[in-house]
There are 2 protein chains.
Amino acid sequence: MTLTQLRFLVAIADAGLNITLAAERVHATQPGLSKQLKQLEDELGFQLFTRKGKSLETITHAGGHVLERARTILAEAANIRSIAANLRNEARGDLRIATTHTQARFVLTDAIAALSRIYPQVSVHLQPGRENDALALLDGGQVDMAIVSTSGTPPPAGIALPAYRWNRVVLAPDTHPLAKLPRELSLDDLAAQPLISYDSSQKPESSLRRAFDAAGLLPQIAITAGDADLIKTYVRAGLGIGILAEMALLPRDTGDLRALPADHLFARCTTWIVLRRESVLREYVLEFIERFAPHLDRRDITRAMAAGTHIAEGVAVPHWRERQLADDGVAAA
Amino acid sequence: MTLTQLRFLVAIADAGLNITLAAERVHATQPGLSKQLKQLEDELGFQLFTRKGKSLETITHAGGHVLERARTILAEAANIRSIAANLRNEARGDLRIATTHTQARFVLTDAIAALSRIYPQVSVHLQPGRENDALALLDGGQVDMAIVSTSGTPPPAGIALPAYRWNRVVLAPDTHPLAKLPRELSLDDLAAQPLISYDSSQKPESSLRRAFDAAGLLPQIAITAGDADLIKTYVRAGLGIGILAEMALLPRDTGDLRALPADHLFARCTTWIVLRRESVLREYVLEFIERFAPHLDRRDITRAMAAGTHIAEGVAVPHWRERQLADDGVAAA
DNA sequence: CGCGTTTACGTCGTTCGTAACGATA
DNA sequence: TATCGTTACGAACGACGTAAACGCG
């Protein structure tokens, strides 16, 4: 058994059992991987994959267990390398973040810009996807951190650090009757309109859905999109009323759209930075977290990692707007 | 970085930084280890050990972290091999148990005998020591399980499965006044005598010490020994009254010694089987546990391992004497 | 002078890439 | 026929063991 063999194994698994694809990803030749896989199977004495003809078909049950162990072995090997890189103040490296489109597009930009100013040699890889995908990538060791949002409790896996809180806003065309409503918006107002929101609002456990359920209302979600830009586009086209995260608002949106606060209608959400419990963080990762969530102290983070528990309690988590103000303050200073 | 390099690293650490000794233990030559260590240090870019002249002096701070990671890597590699060995019904293997002398000498014998009858090719290694040593060995991956006793809560680390409960007994020479006491033994009776007990009874948190403390008494512990046989020897020599675990009583001891129950004087103790949370158990390990603690079901064990929690609650844990009866019943059947 | 580590060197095994072959859709 | 995996072969690298040199107590 070799680290190389295990690396090839997970590469094959991550490439969807396509050995050729896996080979390019690890910068090796395809026969090399084939052979190493065969040797590993010979040594262990059982098939890691079921074959259909010559192609790999599925992972064996036992193979899945081996794969899991191989992943943690490789993660720990990477940790050792991180220890070394931190010690020598190595400035190069990768920062792989799995997150949603909203975070990547509207929230992370400043912190990433700051990071690549301080560490120009660090390349940032953003892996957009659903919340669950992000957590799965984190657990599989494919990314260094996941940045996800929940309403209420932190995500179940890993070390979750609260980054900030935010509310939803309702977005209507300037010309729409709702945009000039003389009173506060109500859930009934919204239930009467075709709505446009994120894909995730389809799920029954979404805080959007729960708010309507609690009021005994059945909203008509006309269009869902994974992407705030798409939502805005459809709102502009007059196809419905948008409900989205307040971070997704841009100054120029106020030209033809009207954003109505919805704090009183939907549960407040929290965005979390989720880290692998066992991972050794590179210096620039800590730097990034501090830039992104300035209320988190370096020591808080390392302490939470050591204790293996998230630090939801006992940390004052700023709201999105306060956070924006704080950022401005920093920029002005 | 190679698995071999990491194996050599932990071998060197476990050999007390003596490369020559480490080399014999891993069945390799000393220059080989030296060279691999050097290569690893070169690759990581820092010293894993501080040198004094040519000899290794201490482990670097960062080296300690690397060592820790290396240990889990090797443990996971061993897990992969265990998966393979289980799958091919491999009958050979090692069972390394860290435990106290009392367990090894008086309690484990039957289960080990049964195991080596069923799996003659499995070699059992008993590692005697204190409770804390046993848990440290378990945590370092040097042993497969620890078998330790506590009064009350399970040991903090690993998966703890309750094996059985037991009480202390007081041991006096047949001729001693205490042996013919017409009434029940009291703590005052004991406090008036020179006592002979285990080394661990010196510790303030021992249940022995706590019982006397609670009664406001200061016992005179005249002799301590790590070993029940020694305690008996000194009791026979008339040097004091013995206090030891009821398991340590043998039928032939009743010839010249008198055992007095002490259930009402000292807190009941529990003996735990402690496993590493992440370890894959070989078939024969499950077999051993079932033999040793028949009230534990194979499924209970795997479930507890998967859940990562001990199963202290919800399991009826037999008392030592009931357990003995049950064993007899099995033997008779 | 013994113990332990490092350095030097030769041999062996292994890995890796190129190329040809085979199977499958 | 195109795609993907296996087998074959040769070159280069790396690991390992033996032998000798070096430092230290």
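Just so we're on the same page: letters track the sequence lines, and every chain starts at 1. No hydrogens, no waters, no symmetry mates; every other heavy atom, side chains included, goes into these values.
- Under 3.5 Å, the side chains of B/Asp42 and B/Gln39 contain no donor-acceptor pair of N or O atoms.
- Under a 3.5 Å cut-off, the side chain of B/Arg71 and the backbone N or O of B/Gly140 do form a donor-acceptor pair.
- A/Gln36 comes within 4.0 angstrom of sugar-phosphate atoms only, judged by non-hydrogen atoms across all strands, and of no base.
- A/Gln5 comes within 4.0 angstrom of nothing in the nucleic acid, heavy atoms only.
- Taking atom CD on A/Gln47 and atom P on D/dG5, their separation rounds to 15 Å, with Å as the unit.
- The B/Asn18 side chain lies nearest to C/dG4 when the options are D/dG5, C/dG4, C/dT18.
- Counting heavy atoms of neighbouring residues, nucleotides and ligands inside a 6.0 Å radius, atom CZ of A/Arg92 does not exceed 12 of them.
- Side chain of A/Gln30, nearest nucleotide from D/dC16, D/dG5, D/dC9: D/dG5.
- In this structure, B/Lys35 places its NZ atom 9 Å from C1' of C/dC9, rounding to the nearest Å.
- Direction of the helix axis in the helix from C/dC1-D/dG25 to C/dA25-D/dT1 shifts by 30° between the two five-pair termini, rounded to 10°.
- Taking atom NZ on A/Lys38 and atom P on D/dG5, their separation rounds to 14 Å, with Å as the unit.
- Taking for each of A/Gly32 and A/Gly53 the nucleotide of DNA chain C with the nearest heavy atom, the 5'-most of the two is the partner of A/Gly32.
- Distance, B/Met1 CE to D/dG14 C1': 17 Å, rounded to whole Å.
- At whole-Å resolution of the value, CG in A/Leu33 and P in C/dT14 are 19 Å apart.
- Rounded to a whole Å, the CD atom of B/Glu57 is 13 Å from the C1' atom of D/dG25.
- Distance from the side chain of B/Arg51 is smallest for C/dT6 among the nucleotides D/dT6, D/dC9, C/dT6.
- Counting only heavy atoms from C-beta outward, the side chains of B/Glu43 and A/Arg81 approach each other to under 4.5 Å.
- Ion pairing between A/Arg298 and A/Glu283 holds under the 4.0 Å rule for side-chain N and carboxylate O.
- More than 12 heavy atoms of other shown residues, nucleotides or ligands fall within 6.0 angstrom of atom CZ in A/Arg96.
- Using a 4.0 Å cut-off, no side-chain N or O of B/Ser55 falls inside it from OP1 or OP2 of C/dG4.
- Of all nucleotides listed (D/dC4, D/dA15, D/dT6), D/dC4 comes nearest to the side chain of A/Thr20.
- Nearest to the side chain of A/Lys54, among C/dT6, D/dC16, D/dT6, sits D/dT6.
- Within the nucleic acid shown, B/Leu17 comes within 4.0 Å of sugar-phosphate atoms alone, with no base atom in reach, counting heavy atoms only.
- When the P atom of C/dC3 is taken as reference, atom CD of B/Glu24 falls 12 Å away, rounded to whole Å.
- Closest approach to the B/Lys52 side chain among C/dT5, D/dT6, D/dG25 is made by D/dG25 (side chain taken as heavy atoms from C-beta onward).
- With no hydrogens or angles considered, a side-chain donor-acceptor pair links A/Ser34 and A/Gln30 at under 3.5 Å.
- Each of C/dA19, D/dT18, D/dG5 was ranked by its minimum atom distance to the side chain of B/Thr29; first place goes to D/dT18.
- One interatomic measurement links the two molecules: CG of A/Leu37 to C1' of D/dT7, which rounds to 15 Å at whole-angstrom precision.
- Side-chain atoms of A/Thr58 and A/Thr50 form a donor-acceptor pair, as typed in the model, at a separation below 3.5 Å.
- Relative to the side chain of A/Ile19, the nucleotides C/dT6, D/dT6, D/dC16 differ in distance, and D/dT6 lies closest.
- Of the two residues contacting DNA chain C, namely B/Leu56 and A/Gln39, the nearest-nucleotide position lying further toward the 5' end is that of B/Leu56.
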